[in-house]
Amino acid sequence: MKISKDTARSIVAEVSSAIGKNVNLMDETGCIIASTNKNRIGTYHSGAKKIIAEGLDRLDVYTDDEYSGAKMGVNVPLNFDGEVIGVIGITGEWNEVGKYGQIIKKITEILILDSYVKEQKIIGETMVNRFIEGWLFEDSQNLGSSFEERGISLGIDVSLPRRVILLAPRSASHISDEWSSQNFFSQVEQIARQAFPEQCLCYRAFSKLVLLVPALSRQQIQQGMDWVHDQALLRCGAEAAVGVDNEPHTGISLRSSYRKAEKALNAALASKAGGRVVFYEDINVEIFLSELPDGLKAEYIRKIFRGFSSGELREAIGLLAVFYDCDGSLSKAAEQLFIHKNTLQYHLKRLGDRTGLDPRSLSNAGLFQMAILFYPDAEKFI
């Protein structure tokens, strides 16, 4: 194992803070790769090289000119998996720093082991993510004959029947920057693993979290994702929309499950019913939404809402979505919108006057509901 410079800097800072002394860390060649004295970084420490070359357990330096590039203090080797991978030293009067030799050796080796474990975890997660990405999106001809064997080596049995669940934040306003986005998906992934502890695979695909779970029933998935939604709202302050496929699949055929879950997710995002979990078998017109270009969806919306500003359009879509989710009930919709029923009637009448289409008319409801479904994908073009 080779100690990275980032790891070395972190170790030097932590050890120095613990003992209150100047600390240097040398690599297997004797080069100082991290130090509390910035001027010494990159210089050669012949004392460290002597420890490594001669297999010494410790090297005490009594004067600054005793070894080239070394100063008064104590130096000890760092062992990992049976080999010396570097040397750590403390600068100072020998009678003051000599007692710290074995202490800093143990502390540093523990920190190196901890860093190694974290690095291996990241590497493992990266390999799993790449495997899942290929599984769901790569041309099947490019996966090769060893696809299943690679999965087994990563602890993934692709022959196991799985369901696909997609989750995305309902509103981008709560996760407007990269940090809050990362925090949202990190938190939701932890919550999802708790909800589905058995054989749950997680993968972040763009702005969505993909969950590959065993062949659970609709009721089990509904209960689990309702809990995930509630926990996400509690911890992150953001509602999640969820789309679920229609049946379990294995191997490459899991891709069809992903596409169906994606259509169900689009339907969930288009709905203003907070926390709604949408199953593919429950959607209708939403099935073909992903087949239409986003620009065409935007053109349709502009035709319906001629002369509306982007802000006015957003407000109109939000109001209409709640109105239709409440099956046209003025009282229920007004309650959800926190406005008086008469105020809602005024807004609906004004929308009818401006568009030439009465949203309360059954013959026009389908036109407006289509615009509501198109809006999440078309918003960036309007």
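The first residue of the sequence shown is numbered 1, and numbering continues consecutively from there.
A salt bridge links Asp377 to Lys297: one of the charged nitrogens lies within less than 4.0 Å of a carboxylate oxygen. Salt bridge status for Asp282 with Arg218: present, with a side-chain N to carboxylate O gap under 4.0 Å. Electrostatic pairing of Arg9 and Asp6 counts as a salt bridge here, judged by a charged N lying under 4.0 Å from a carboxylate O. One finds no salt bridge joining Glu281 and Lys260 here, because no Lys/Arg side-chain nitrogen approaches an Asp/Glu carboxylate oxygen to under 4.0 Å. Salt bridge Glu96/Lys21: present, at least one basic N to carboxylate O contact under 4.0 Å.
Neither side chain, Ser10 nor Thr7, offers a donor N or O lying under 3.5 Å from an acceptor on the other. Donor-acceptor pairing under 3.5 Å is recorded for the side chains of Gln220 and Ser217. Remark: the Ser159 side chain and the Asp157 side chain contain an N/O donor-acceptor pair separated by less than 3.5 Å. Neither side chain, Thr91 nor Asn22, offers a donor N or O lying under 3.5 Å from an acceptor on the other. In summary, the side chains of Asp27 and Thr29 do present a donor paired with an acceptor at a separation below 3.5 Å, with no hydrogens or angles considered.
Remark: Glu189 CD to Cys200 SG distance equals 8.0 Å, nearest 0.5 Å.
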Considering only distance and modelled atom types, tabulate donor-acceptor pairs under 3.5 Å from the side chains of residues 76-86, sequence neighbours left out.
residue: Asn79; atom: OD1; partner: Lys105; partner atom: NZ; Å: 2.7
residue: Glu83; atom: OE2; partner: Met1; partner atom: N; Å: 3.4

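Under the side-chain contact (heavy atoms from CB on, under 4.5 Å) criterion, Thr343 pairs with Ile339, His340, His347, sequence neighbours left out.
Annotation: ring-ring contact (aromatic ring centres under 6.0 Å, His included) contacts involving residues 299-334, sequence neighbours excluded, comprise Tyr300-Phe374, Phe305-Phe308, Phe305-Phe368.
Contact of the Ile382 side chain with the Leu313 side chain is registered, since non-hydrogen atoms from C-beta on lie closer than 4.5 Å.
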